[in-house]
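Below is one structure, written out as structure tokens; comments come after it.
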Amino acid sequence: MTWLLENLGAVAGYLASHLTLALPPIALSFLLAVPLGWLANRFRWLRTPLLTGAGLTYAIPSLPLFIVLPIIIGTQTRDPANIIVALTIYGLALMLPLTADGLRQVNPLALDAAKAMGYPPLRRFLTVELPLAGPTLLAGVRVVAVSTVSLVTVGAVLGIPSLGSLFTDGFQRGILAEIVTGIILTVVLALLLDGLLVLLGRVLMPWTRKRPVRTQAQDAVAEVAA
């Protein structure tokens, strides 16, 4: 505790850097996974290559990817953009299969009812498919958020500031309190982001607080048909 109080400013700086590196990949993973998940369901021949490619991408070790990526995208090794791009790739690899499964599980009767009501494809997707797949998408974003917060720490090995810098610096100088502080703050940050996503989900999808997903789909069919 004494070490933390004496280095509070530096720790706050690492925490801010960690958030700056973690939030963009989480948002980008979601934004990219939704259209790709839709394509995987709309065109069956795309489903296998997209989902298989996502699985293979996640199998790439993080540290070699951080080292090779600057060569591919033309940045410097210590450029934070490398971390954001790499973590977006990992986040998309996690998010895409869940998005495709969530959209595929939407009750087809709800889609048929929307078609019968004259909903164009975009409106049908935004007002029927996406809300009904919402709980699955939220679960995917929560997984991506926790994974991303953890993986950001690897960037400290390359000299990119984050809470992982507390690990590397603590190991080099033999300061146990610094290492423990880095571990605890990383876990707490992941839990806070997860909690915020749960709250956001309850605000955006209030129906999930009362009824299971299957009942929502049935209700949506009745509502659209009415």
Side-chain angles (χ1 to χ4, degrees), residues 20-58 73 81 84-148 193-226:
T20 303
L21 292 170
L23 293 180
I26 297 171
L28 288 172
S29 301
F30 174 78
L31 293 175
L32 292 173
V34 169
L36 289 176
W38 179 84
L39 286 173
N41 283 335
R42 178 67 177 79
F43 304 103
R44 296 298 177 91
W45 59 273
L46 269 177
R47 184 177 182 84
T48 298
L50 282 175
L51 300 190
T52 302
L56 292 175
T57 301
Y58 197 73
I73 63 178
I84 292 174
V85 172
L87 296 185
T88 299
I89 292 173
Y90 283 128
L92 182 61
L94 287 172
M95 191 72 206
L96 180 55
L98 291 171
T99 304
D101 287 342
L103 293 174
R104 188 172 62 170
Q105 291 170 3
V106 172
N107 193 326
L109 293 178
L111 299 179
D112 291 340
K115 290 178 184 176
M117 294 293 292
Y119 281 32
L122 181 59
R123 183 182 178 188
R124 191 166 62 243
F125 176 74
L126 294 177
T127 61
V128 180
E129 288 186 80
L130 204 55
L132 291 180
T136 304
L137 300 184
L138 176 61
V141 175
R142 292 176 63 188
V143 172
V144 171
V146 173
S147 172
T148 301
L193 283 181
D194 185 59
L196 287 174
L197 287 170
V198 171
L199 290 176
L200 183 63
R202 290 181 178 178
V203 171
L204 297 178
M205 299 178 291
W207 61 87
T208 59
R209 286 175 286 178
K210 299 178 180 178
R211 301 172 183 176
V213 175
R214 188 169 182 174
T215 303
Q216 298 163 26
Q218 292 170 340
D219 289 348
V221 173
E223 182 178 351
V224 174

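Computed from heavy atoms alone, side chains included, the values below leave out hydrogens, waters and symmetry copies. In this text the structure is predicted, and so the values were computed from the model without any measurement.
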Let me have the donor-acceptor pairs involving side chains of residues 121-129, under 3.5 Å, with sequence neighbours excluded, atom names and distances please.
{"unit_1": "R124", "atom_1": "NH1", "unit_2": "Y119", "atom_2": "O", "d": "3.1"}
{"unit_1": "T127", "atom_1": "OG1", "unit_2": "R123", "atom_2": "O", "d": "2.5"}

> Of the non-hydrogen atoms in L138 and G201, which two are nearest, and what is the gap between them?
Replying inline: CD2-CA, 3.8 Å
Sequence neighbours excluded and cut-off under 3.5 Å, please list the side-chain donor-acceptor pairs for residues 39-47, or say none.
{"unit_1": "N41", "atom_1": "OD1", "unit_2": "R47", "atom_2": "NH1", "d": "2.8"}
{"unit_1": "N41", "atom_1": "ND2", "unit_2": "A100", "atom_2": "O", "d": "2.9"}
{"unit_1": "R47", "atom_1": "NH2", "unit_2": "D101", "atom_2": "OD1", "d": "2.9"}

> Could you give the distance from CG (L31) to CG (L36), rounded to the nearest 0.5 Å?
Replying inline: 11.0 Å
> Got a sec, which residues hit side chain to side chain contact (heavy atoms under 4.5 Å, CB included) with S29, two or more places apart in sequence or on another chain?
Replying inline: T88, V144
>> Give me each pair satisfying side-chain hydrogen bond (donor to acceptor under 3.5 Å, both in side chains) with a member in residues 134-145, each pair once, sequence neighbours excluded.
In response: R142-D194
>> Tell me every residue that passes side chain to side chain contact (heavy atoms under 4.5 Å, CB included) with T20, counting only those two or more places apart in sequence or in another chain.
In response: none
>> On a heavy-atom basis, which atom in I26 and which in A22 lie closest, and how many Å separate them?
In response: CG1-O, 3.2 Å
>> For V106 and L111: C-alpha separation, side-chain torsions, deciding distance, then whether side-chain contact (heavy atoms from CB on, under 4.5 Å) applies.
In response: CA-CA 8 Å; V106 172; L111 299 179; 4.3 Å; yes
> Can you check whether L51 reaches L96 side chain to side chain, under 4.5 Å on heavy atoms?
Replying inline: yes
>> For a quick test of reading the model, state the closest non-hydrogen atom pair linking P135 to P131 and the distance between them.
In response: CD-O, 3.9 Å
>> Suppose we screen for ring pair (Phe, Tyr, Trp, His ring centres under 6.0 Å). Which residues come up paired with Y90, at least two apart in sequence or across chains?
In response: Y58
> Are the side chain of S147 and the backbone of V143 linked by a donor-acceptor contact shorter than 3.5 Å?
Replying inline: no
> Minimum heavy-atom separation for M95 to G140, with atom names?
Replying inline: SD-C, 3.5 Å
> Given the rule in the side-chain contact (heavy atoms from CB on, under 4.5 Å) test, do L92 and T57 qualify, once you have shown the distances and angles that lead to the verdict?
Replying inline: CA-CA 9 Å; L92 182 61; T57 301; over 6 Å; no
> If you measure from CG on L200 to CG on L193, what distance do you get to the nearest 0.5 Å?
Replying inline: 11.5 Å
>> Quick one, L137 with L130, criterion side-chain contact (heavy atoms from CB on, under 4.5 Å). Give me CA distance, side-chain angles, the key distance, then yes/no.
In response: CA-CA 9 Å; L137 300 184; L130 204 55; 3.6 Å; yes
